[in-house]
Amino acid sequence: MPELPEVEAVVNALGGIVRGKRITGVRVLRPQTIQSMSVTRFCRLLRGRVIERVRRRAKFILLDLSDGWTLVVHLRMTGGFVYAESRRPFPPTARVLFLLEGGARLAYTDIRNLGLIRLVRTERLDRWAEWRRLGVEPLSRTFTVRRLEEMLRGSRRAIKAFLLDQTKVVGLGNIYAAEALHRARLSPMRRAESVARSRARVVALYESIRETLREAIAAQSTGPLHLEFVNAQGQSHHPRRAPSPFRVYGREGEPCPVCGAPIRRIKQHGRSTYYCARCQT
DNA sequence: AAGAAGTCCTGGGCGC
DNA sequence: TGCGCCCAGGACTTCT
């Protein structure tokens, strides 16, 4: 669920809260969530380190710590953070607790346990295969129409599947892939290489990806869905977004906002794809 | 070797 | 009321 815009929102909000704070202790409630080292080592390495910066790469949240360590978090489907300044009990979905100086606590929560956390030396991040394979950041200057065209060329997969491939363009998930394709008026079933054959289509897709993500980031200024704040009274400030801002995702049967034809839902590689059969070709 | 399929995970919704 | 099935989907591994 959290795609680039949601992760971006969590990173920005989290950064404002924990940057500069020292980690005084760690409690791992679910050991399997910690990747690549033992829980003992994980806790020992974190204790005493200061969170110097919070940033994003693809859908990964990176907390750069003092002494060259980086805490890498991927929320996958249901991961999130709960930040509390009081010593309130955390929800049963809490998997890892970070105790911060001053008594605040940051909990990593995850209902379905698909998310992961790993601690790596910052300069060794690119020795991690999954990390190295990550594609271009769609909102960066290195993402160009030409680069997109080169990636599309020769790929016989459906454009929807292409957009979900994190080794090509990072950050899009099932929701924003559908939204970007609707905005570009491209059928999700169209082959990637056939998009590449038309300059106009490549440009439309390029612009759509960026606009879709930019708008989604702006729309979340009210607060990230995957970061919850609990105050001293135990009341939760869980900033809610406005109701479904999506044009096609989750709107099967509703009229297309462009042409009025009913939105369709199909299955592509086991995933739902929402699109307008009339104006997306 | 690209790309499709299978797998993991849990709670909610639905049909019977 | 309760059981079982399906669904949500990110990104891996496995298979073709």
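Proteins get letters first, then strands, A, B, ... in listed order; numbering begins at 1 in each.
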Non-neighbouring partners of [X] that pass side chain to side chain contact (heavy atoms under 4.5 Å, CB included), sequence neighbours left out:
X      : value
A/R127 : A/R124
A/R201 : A/L186, A/R190, A/V195, A/S198
A/R141 : none

Nearest-Å distance, [atom1] ([X]) to [atom2] ([N])?
X      : N      : atom1 : atom2 : result
A/D165 : C/dG10 : CG    : P     : 13 Å
A/F162 : C/dG10 : CZ    : C1'   : 18 Å
A/L116 : C/dG10 : CG    : C1'   : 10 Å
A/R57  : C/dA11 : CZ    : P     : 12 Å
A/Q32  : C/dC12 : CD    : C1'   : 17 Å
A/I266 : C/dC7  : CD1   : P     : 15 Å

Axis bend over the full length of the helix from B/dA2-C/dT16 to B/dC16-C/dG2, computed from five pairs that close each end, to 10 degrees
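Its terminal axes enclose an angle near 50°.
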
Tell me which pairs pass side chain to side chain donor-acceptor pair (under 3.5 Å) where either residue lies in residues 16-26 of chain A, with sequence neighbours left out.
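Checked against side chain to side chain donor-acceptor pair (under 3.5 Å) - neighbours excluded - the pairs reaching residues 16-26 of chain A are A/K21-A/Y83.
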
Residue-level proximity of residues 72-80 of chain A to DNA chain C when a heavy atom falls under 4.0 Å:
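Going residue by residue through residues 72-80 of chain A, the ones with a heavy atom under 4.0 Å of DNA chain C turn out to be A/H74, A/R76, A/M77.
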
Test: A/R183 and A/E179 ion pair at under 4.0 Å
no

Sort and list the pairs that fulfil salt bridge (charged side-chain N to carboxylate O under 4.0 Å, His left out) and have at least one residue in [range], not counting sequence neighbours.
range                       : value
residues 265-281 of chain A : A/E252-A/R265
residues 94-118 of chain A  : none
residues 56-71 of chain A   : A/E8-A/R56, A/R49-A/D67, A/R53-A/D64, A/R55-A/D64, A/R56-A/E137, A/R57-A/E137

Walking along DNA chain B from 5' to 3', note the first and the last nucleotide with an atom under 4.0 Å from a heavy atom of chain A, and give both.
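On DNA chain B, the outermost contacted nucleotides are B/dG3 to B/dG11.
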
Considering heavy-atom distances to DNA chain B, does A/A161 or A/R271 have its closest nucleotide positioned more toward the 5' end?
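Its nucleotide being nearer the 5' end, the pick is A/A161.
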
Those residues that, when tested against A/Y274, pass ring pair (Phe, Tyr, Trp, His ring centres under 6.0 Å) (two or more places apart)
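Counting only residues at least two positions away or on another chain, A/Y274 forms a ring pair (Phe, Tyr, Trp, His ring centres under 6.0 Å) with A/Y249.
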
When you match A/E130 and A/Y274 each to their closest nucleotide on DNA chain C, which lands nearer the 5' end?
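With A/E130 and A/Y274 compared, the 5'-side residue is A/Y274.
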
I'd like to know whether CZ of A/R132 has more than 12 heavy-atom contacts from other residues, nucleotides or ligands below 6.0 angstrom.
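It does: A/R132 CZ has more than 12 such atoms within range.
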
Using a cut-off of strictly less than 4.0 Å between a heavy atom of the residue and any atom of DNA chain B, enumerate the qualifying residues of residues 105-114 of chain A by number.
A/I111, A/R112, A/N113, A/L114

